[in-house]
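The structure appears below as structure tokens.
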Amino acid sequence: MNDTTRDSQSADDSCPADAATRSGCPVQAVASGSGGRHSYLVTGYTEARQALGDERLSKDTAAFFAGKDSKRRLHPAVAHTMLASDPPRHTRLRKLVTGAFTSGAVAAIRPSITRLTDELLDRWPAGGPVDLVADLAVPLPVMVICELLGVPETDRPKVRHWSAELFSAGRPDRTDAASHAVAAYMTGLIASKRLRPGDSLLDRLIAVRDGADRLDEEELVSLAVLLLVAGHETTTHFLGNAALALLRHPAAMERLRGDPDALPRALDELLRFDSPVSTSTFRFSTEAITLGGTEIPAGVPVLIALGAANRDPERFPAPDRLDLDRDATGHLGFGHGIHRCVGAPLAKAEADIALRAILIRFPGIRLAVPADRLERRQTRLVSGLESLPVLL
């Protein structure tokens, strides 16, 4: 979360960096900070998929940065999450939460997601203007994950603030401070739930910790923090990017409005077309490997550009065209392999429900400003819109 860079760019050109990297080698060395150090950037689809499943690329950030001088002061609950670990630790932690995000489990909470979506859309003024990002894409995923975890409604604005700070690029002091704030909050919430148990996902994780002792206290806090903040930022960008793609492709939007049941399949193409996650989370080589004909030495970071891979013409012909008839199920928007996004079914359910409701309730929805005036939040990790003003 903390090694991001930010710039603003036109939403009319959603993947300029991707286009540039696709024109070169699928795996290439890139400068990494000062001192002549290099990382390796993977942009080809085949190579990205291979890298995501290669056990020689470790996600154990603690091992990589051990002994290295760093001024960062991230809280351990944020720095050493399940995302930043390898098997067998990763396997053990993931098994504890996978059940909450299966398709069946998500289907059971669809009525709750629908209710929350309707509550937000009911506030939209007739005719607009409305900021689809601020008034739907940002609050909905926060509301959903907070309900799932049992976070009190009065605390949700704080959660939104801390999440935004954790993803703030170029401000490590704010990121570090937010990591301590959210870890302290979650420690307190866990203590409160021990006194007054409920039936939320967090309560079930506490029972695992206090019963079978398969979680130590730091792991419990870390897992709870990860579930709280990791999913909703990317889901926000998923919703915003998908809505913009449809607004800029009226024929596709009308097609889905006439056949809303086609939306779940279309979500894969929308994810491929404008991936909310630009680059996968940190990995480094534990030994020398060859990837896409490029020799990568041991001990160097390997950055996997998911957005570029999803626009690789070798895998997706005419990749810069939104094509709802395309079979895009092989996209890498949720990653691949053992670290594939555990919350993917929940993110797709939220997008399906929210976009379906917009299409049905607001048949005249359109952009309130030219697409080239929209600003993107482009970091090394995520790519999405700062705002999306629409008229209804």
Side-chain angles (χ1 to χ4, degrees), residues 1-4 58-66 70 72-101 141-142 145-146 148-151 155-156 158-168 172 174-194 197 200-235 277 280-284 335 338-343 346 381-382:
M1 288 182 195
N2 57 314
D3 59 345
T4 56
S58 171
K59 295 183 99 282
D60 188 349
T61 54
F64 181 81
F65 289 105
S70 174
R72 299 308 308 275
R73 294 295 180 265
L74 280 173
H75 191 282
V78 174
H80 305 147
T81 66
M82 177 179 73
L83 272 181
S85 64
D86 298 326
R89 180 175 184 265
H90 171 267
T91 308
R92 176 171 60 86
L93 295 177
R94 187 176 173 107
K95 282 182 178 178
L96 296 176
V97 297
T98 299
F101 298 102
V142 175
I145 195 62
C146 283
L148 192 61
L149 287 172
V151 174
D155 293 342
R156 294 174 190 179
K158 293 187 292 188
V159 171
R160 287 171 57 178
H161 171 73
W162 291 327
S163 177
E165 294 291 275
L166 285 169
F167 282 87
S168 62
R174 287 166 52 178
T175 301
D176 290 351
S179 74
H180 286 267
V182 73
Y185 170 77
M186 191 54 69
T187 300
L189 182 61
I190 289 169
S192 175
K193 285 185 172 295
R194 282 197 172 109
S200 72
L201 174 57
L202 182 55
D203 288 287
R204 296 197 293 274
L205 291 175
I206 292 169
V208 170
R209 158 67 179 142
D210 295 345
D213 199 30
R214 293 173 62 201
L215 281 171
D216 62 37
E217 193 70 11
E218 183 176 297
E219 287 176 333
L220 173 60
V221 174
S222 179
L223 198 53
V225 167
L226 177 65
L227 292 171
L228 185 64
V229 303
H232 66 254
E233 180 83 7
T234 49
T235 304
V277 179
S280 65
T281 47
F282 183 85
R283 285 169 169 77
F284 72 97
I338 64 170
H339 291 284
R340 186 179 189 274
C341 176
V342 70
L346 179 61
L381 182 62
V382 297

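These numbers come from a predicted model, not from an experiment.
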Within this structure, what is the [atom1]-[atom2] distance for the pair [X] and [Y], rounded to the nearest 0.5 Å?
{"X": "Leu149", "Y": "Met186", "atom1": "CG", "atom2": "CE", "answer": "6.0 Å"}
{"X": "Glu219", "Y": "His80", "atom1": "CD", "atom2": "NE2", "answer": "12.5 Å"}
{"X": "Leu96", "Y": "Thr91", "atom1": "CG", "atom2": "OG1", "answer": "11.0 Å"}
{"X": "Leu346", "Y": "Ile145", "atom1": "CG", "atom2": "CD1", "answer": "6.0 Å"}
{"X": "Glu165", "Y": "His161", "atom1": "CD", "atom2": "NE2", "answer": "4.0 Å"}
{"X": "Tyr185", "Y": "Leu228", "atom1": "OH", "atom2": "CG", "answer": "7.5 Å"}

Restricting to non-hydrogen atoms, name the atom on [X] and the atom on [Y] that form the minimum distance, rounded to 0.1 Å.
{"X": "Val142", "Y": "His232", "value": "CG2-CD2, 3.5 Å"}
{"X": "Leu227", "Y": "Phe101", "value": "CD2-CE1, 3.8 Å"}
{"X": "Glu217", "Y": "Arg194", "value": "OE1-NH2, 3.0 Å"}
{"X": "Ser163", "Y": "Glu233", "value": "OG-OE1, 3.7 Å"}
{"X": "Leu202", "Y": "Lys193", "value": "CD2-CD, 3.7 Å"}
{"X": "Cys146", "Y": "Arg156", "value": "CB-NE, 3.3 Å"}

Check whether [X] reaches the backbone of [Y] with its side chain - one donor and one acceptor, N or O, closer than 3.5 Å.
{"X": "Thr187", "Y": "Ala183", "answer": "yes"}
{"X": "Ser222", "Y": "Glu218", "answer": "no"}
{"X": "Arg204", "Y": "Ala100", "answer": "no"}

Query raised in the report: With side chains defined as the heavy atoms from C-beta onward, is the minimum distance between Lys59 and His90 less than 4.5 Å?
Result: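 No, every pair of side-chain atoms sits at 4.5 Å or beyond.
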
Report task. Could you check if a side-chain atom of Val78 sits within less than 4.5 angstrom of a side-chain atom of Val225, using non-hydrogen atoms only? Result ->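 Yes, close enough: below the 4.5 Å cut-off.
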
Query - By ring pair (Phe, Tyr, Trp, His ring centres under 6.0 Å) - contacts of His180 (at least two apart) - result: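 His180 satisfies ring pair (Phe, Tyr, Trp, His ring centres under 6.0 Å) with His75 only.
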
Report task. Please step through side chain to side chain donor-acceptor pair (under 3.5 Å) for the pair Ser179 and Asp176, ending with a clear verdict. Result -> CA-CA 5 Å; Ser179 74; Asp176 290 351; 5.1 Å; no

